[in-house]
Amino acid sequence: MSPGPAGREPATPESPRPDSVGTAPPDSATAGSAPADQGTVPSDASGEQLALAGLPEAAPPSQPRSSPRKPLGSEGRAAHDPVAKVLLEAYVPHLDRVFDYRVTAALDEQAVVGSKVSVVFAGRKMSGWVVDRVAHTDVPEDRLLPIRRVLTPLPVARPEIVELAQAVAERCAGTVADVLRVAIAPRVARVDKEFAAPEAAETSETGVVNADDDAAVPADLSAGPASDGAADADPTAAPEPGRAPSSPVEPATTGWQHYTGGLEFVASVGRGEPARAVVEVLPSAEDHDWAGLTASAMATAYAAGRGAVGVVADHKALERLERALCELVGEDAVVRLHADDGPTPRYRGFLELALGKKRLAVGTRSAAYAPVQDLALVCCHDDGDVNFVEQRAPYQHTRDVLLLRTQQQGMAALFTGYAVSPEVLRLVATGWAARVAPDRADLRRFSPRIEATSDSYNTALDPLAARARLPHEAFRVAREALKSGPVLVQVARKGYAPVLACQRCRTPARCQACDGSLALDSAHAVPVCTWCGRHAHDWRCVECGFTRVRLSTVGASRTAEELGRSFPQVPVISSSERTVRPRVGSAPALVVATPGAEPVADGGYAAALLLDGNRMLARPWLRAEEQTLRRWFNAAALVRASSDGGTVVVTADQDRAVSALVRWDPAGHAERELRERHELGLPPAVRTAALTGPRDAVDATLRDLALPERVRVVGPAPVEQTPGNGADLAETVTNDAATLDGADAARSSERGGNRPYRALLFFGFGIAPRVTGALRAEKARASALREHAPVTVRCDVADLL
């Protein structure tokens, strides 16, 4: 039976009565009484405990150990706004709305707006967030259920964050609960006690749950000392002046003078104006980097008494930004939000921001929702990174979240990067943001020297350079650069040999059990399937029957092994997969890294070799060229300036991407990409949506959707067994985060006889609200009626085209 509206319980005999929750039987035995059926006790016995001779008589208990509790909701209604609008923590589309519940007098002070509560819905105990308190409701009084308990009396779901979650859900055709799952840090009960008032934490009769009652906390999580009397203060009151740095100094604007309009943007942030900028960061600058620019802008907002949020793609960038920001404002003013730090530090920092005790937040994807009070600036570095795409529904992009938050709260926005994505260039083209770029003279002075082995000069000197993975020119540059510092070698794939083939006929080596590709973990290892993990001990080619394999693709481990033999006196450092290094020293060394895992060298790299460029450009992905160029720019920015001998060698032979790197013109390449996609009707010129599921379910969804005529529908077509971008998701997404859009789900569905299909929708920005609204309505209807199998909806599919 579907649940009733407004949190009402269905009137069925099988449904438990909410009044029975937490009550004791009226005839429960009192303490010290003996059972009546024991024959060893005389009938006239008093039932008291017998005392030994010579011992004083025990005092009678002041009250019985167990007393009958009052029925739930019998305390009466709250005096002020007795109706709570509760958003359930339910991840089904047809429950994506608020429900009315009664606030009792005992919970009046704890059930504040933003608190997390426990309620009864359709006979089940569920949690949710109080998003509003009102005086009246359309639900009859006898049908209005009371709130069971207050899980946390602190406003963890602030109104502006709930409003942002609603906007994200509307844009991505998802549910608000799915967005809040990412936005609100997981609750740790003992941290609640540090911030809540003592009477709210100690008095269980008021309904506040204890630390071991609705949330399991590991025993090894230390609560840490209470911070400066936070337990004695009102959690909703303004922060004490002594908690944050009392008088923040005026931050330095070092580095912004190299950019046209840079100082003006920082001044606008200090005045609280909603300035928006897209900054092309200088490579190899001596006095600043991207972290210094971002930290300077955030410190400017902080010095003006406002808050700021900085979002990065991974932990390496987070450490750089956090270090730069702490140097300007101090460690006590900054909150770090990162899942790898553990639940206790993350939730403590989240509450410090929600209660206004701190005003600066840095972190990865979830930091875009940081509940910073009086927010003035949001920052994002390298928005083109695929790590910014949320791997759970509704698959929102961090850049879109920050744009929605900027529009809602009227604040400043800063997007930095060595490369420029077509999405942020579209913001510049529409006039929403201003382009802040360095002068060409400064760019030539700070950028390294770029050499392409595919140009006419190097081709004439070495005709076989185009066929060699490490041409002679790259080898010569590395040998000379090792005399003065480390050399970075960027390779496309991790592992030893990601792809194998038959040594005789070159047929790709496949697993005999699941037809997955085989790979090698080391030189003497047995080939292993990259899909099912089985070892191919008795592999035999299906075409010619040969039993030996060759390496079709070389990974980072094999490259490090080959370079170690070529440079026997030089240490080789590997940074990829699970051994990502954040920094390396200035001593000569060969650093082999995959894209995104390049460590920062002290004093910069003397040279960089960008290998496997043709392989990265040949991926079957709309953004292959854009992403490859972004990776090249990020790696080349770690090299010293040309005046200090810094050199970058790129081995690809693609004219457009290589020429953009040689000229160091990221905006020009992004402008060309955006223009071509406008002509073809591809994102980011238009918006997209992907519907993935069984064939009959996708067909039924398309049939029932009320789409405008200008929506272009492609498909449905069978889902391929590789991710859309060819490499990124396969390397960054774990098995736990795999979804129906990945290869694992596609293979499992196909083995189950229900192969997934996908349909793509292309529509303009003008009709986008109508399309996403229709998708949300259809998801809710199909979820409530259960007419067909679920269909996954993803909007703005950056990694599927």
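If you're wondering where the values come from, they're calculated on a predicted model, not measured in any experiment.
- Going from atom CG of Leu629 over to atom OH of Tyr418 covers 15.0 Å, rounded to the nearest 0.5 Å.
- Summarising the local packing, CZ of Arg770 is surrounded by 12 or fewer heavy atoms from other residues, nucleotides or ligands at distances under 6.0 Å.
- Scored by the side-chain hydrogen bond (donor to acceptor under 3.5 Å, both in side chains) test, Glu543 finds no partners at all (sequence neighbours excluded).
- Checking Asp289, Leu443, Leu638 one by one against Pro283, the side-chain contact (heavy atoms from CB on, under 4.5 Å) holds for a single residue, Leu443.
- Without hydrogens or angle criteria, Thr688 side chain to Val797 main chain gives a donor-acceptor distance under 3.5 Å.
- Residues Cys795 and Pro394 have side chains not in contact (no heavy-atom distance under 4.5 Å, counting atoms from C-beta outward).
- From Thr772, atom OG1 reaches atom CD of Glu170 across 7.5 Å, with rounding to the nearest 0.5 Å.
- Arg776 places a side-chain N or O within 3.5 Å of a backbone atom of Gly174 that can act as its donor or acceptor partner.
- With sequence neighbours excluded, the residues that form a ring-ring contact (aromatic ring centres under 6.0 Å, His included) with His381 are Trp290.
- No side-chain heavy atom of Tyr395 sits under 4.5 Å from any side-chain heavy atom of Val793.
- Relative to the six-membered ring of Phe765, Arg426 meets both conditions, a distance below 6.0 Å and an angle of at most 45° to the axis.
- Put simply, the side chain of Glu562 never gets that close to the backbone of Ala560: no donor and acceptor are under 3.5 Å apart.
- Side-chain atoms of Asp178 never come within 3.5 Å of backbone atoms of Arg392 as a donor-acceptor pair (strictly under, hydrogens ignored).
- With rounding to the nearest 0.5 angstrom, the CG atom of Asp515 is 10.5 Å from the SG atom of Cys532.
- For the residue pair Lys779 and Ala173, the shortest heavy atom distance occurs at NZ-O, 3.0 Å.
- Annotation: the span from Asp314 atom CG to Arg365 atom CZ amounts to 11.0 Å, rounded to 0.5 Å.
- The two residues Ala652 and Leu617 come nearest to each other via the heavy atoms CB-CD1, 4.2 Å.
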Can you list the steps and then say if Trp632 with Val648 is a side-chain contact (heavy atoms from CB on, under 4.5 Å)? CA-CA 10 Å; Trp632 286 348; Val648 176; over 6 Å; no

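- No donor-acceptor distance shorter than 3.5 angstrom exists from the side chain of Lys494 to the backbone of Thr594, with no hydrogens or angles considered.
- With hydrogens and angles disregarded, no donor-acceptor distance shorter than 3.5 Å links the side chain of Arg276 to the backbone of Ala433.
- Residues satisfying the ring-ring contact (aromatic ring centres under 6.0 Å, His included) test with Trp539, not counting sequence neighbours, are none.
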Full working for salt bridge (charged side-chain N to carboxylate O under 4.0 Å, His left out) between Arg677 and Glu625: CA-CA 13 Å; Arg677 295 181 191 180; Glu625 182 177 325; over 6 Å; no

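- Atom CZ of Arg534 is surrounded by 12 or fewer heavy atoms from other residues, nucleotides or ligands within 6.0 Å.
- Partners of Val477 according to the side-chain contact (heavy atoms from CB on, under 4.5 Å) rule, which considers only residues two or more places apart in sequence or in another chain, are Glu451, Glu473, Ala607, Thr647, Val649.
- Summarising the geometry of Leu760 relative to Ala690, their closest heavy-atom pair is CD2-CB, 3.7 Å, with the distance given to 0.1 Å.
- Every side-chain contact (heavy atoms from CB on, under 4.5 Å) that Ala478 has, sequence neighbours left out, goes to Val487, Phe567, Leu609.
- By the side-chain contact (heavy atoms from CB on, under 4.5 Å) test, Asp382 is found to be paired with Asp385, Arg630, Asn634, residues two or more places apart in sequence or in another chain being considered.
- For the side-chain hydrogen bond (donor to acceptor under 3.5 Å, both in side chains) with Asp796, the lone residue among Gln396, His397, Arg687 that qualifies is Arg687.
- The shortest side-chain heavy-atom distance between Val591 and Val489 does not fall under the 4.5 Å cut-off.
- Side-chain N or O atoms of Arg712 include one that pairs as donor or acceptor with a backbone N or O of Gly681 at under 3.5 Å.
- In terms of heavy-atom proximity, Ala789 sits nearest to Pro694 at CB-CG, 3.8 Å.
- Contact annotation: the side chain of Val278 never approaches that of Leu425 to less than 4.5 Å [non-hydrogen atoms, C-beta and beyond].
- Rounded to the nearest 0.5 angstrom, Asn614 CG and Ser454 OG are separated by 8.0 Å.
- No donor-acceptor distance shorter than 3.5 angstrom exists from the side chain of Arg631 to the backbone of Thr628, with no hydrogens or angles considered.
- Inter-residue side-chain proximity for Pro716 and Asp699 is flagged as met; some heavy-atom pair is nearer than 4.5 Å.
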Decide side-chain contact (heavy atoms from CB on, under 4.5 Å) for Leu705 and Leu775; before the verdict, give the C-alpha distance in whole Å, the side-chain angles of both, and the deciding distance to 0.1 Å. CA-CA 7 Å; Leu705 275 175; Leu775 289 172; 3.5 Å; yes

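- Although no hydrogens or angles enter the test, the distance criterion places a donor-acceptor pair under 3.5 Å between the side chain of Ser575 and the main chain of Arg581.
- At a cut-off of 3.5 Å, with distance as the only test, a side-chain donor of Gln407 or Trp432 sits close to an acceptor on the other residue.
- A distance of 9.5 Å separates OG1 in Thr364 from CG in Asn387, rounded to the nearest 0.5 Å.
- No donor-acceptor contact under 3.5 angstrom links the side chains of Thr792 and Thr692, judged on distance only.
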side-chain contact (heavy atoms from CB on, under 4.5 Å) assessment of Arg510 paired with Ser517: CA-CA 5 Å; Arg510 316 291 295 187; Ser517 60; 3.9 Å; yes

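- Minimum heavy-atom separation, Thr453 to Thr651: OG1-CA, 3.3 Å.
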When you look at Leu403 and Glu423, which way does the side-chain contact (heavy atoms from CB on, under 4.5 Å) test go after all the steps? CA-CA 11 Å; Leu403 293 178; Glu423 283 80 3; over 6 Å; no

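- The environment of Asp655 atom CG is sparse: at most 12 non-hydrogen atoms of other residues, nucleotides or ligands sit within 6.0 angstrom.
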Under the salt bridge (charged side-chain N to carboxylate O under 4.0 Å, His left out) criterion, do Lys316 and Glu598 qualify, and how do the steps go? CA-CA 9 Å; Lys316 290 199 308 85; Glu598 302 92 348; 5.3 Å; no

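- By the 4.5 Å heavy-atom criterion applied to side chains, Leu470 and Leu563 are counted as neighbours.
- Residues Val549 and Leu518 fail the side-chain proximity criterion, which asks for heavy atoms closer than 4.5 Å.
- Under the 4.5 Å side-chain criterion, counting only non-hydrogen atoms from C-beta, Phe415 is not in contact with Val428.
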Passes salt bridge (charged side-chain N to carboxylate O under 4.0 Å, His left out), Glu673 versus Arg656? Steps please. CA-CA 11 Å; Glu673 285 283 328; Arg656 192 164 68 173; 3.1 Å; yes

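- Taking all atoms of both residues into account, the shortest heavy-atom contact from Gly384 to Gln627 is O-NE2, 2.8 Å.
- A 6.0 Å sphere centred on CZ of Arg449 holds no more than 12 heavy atoms belonging to other residues, nucleotides or ligands.
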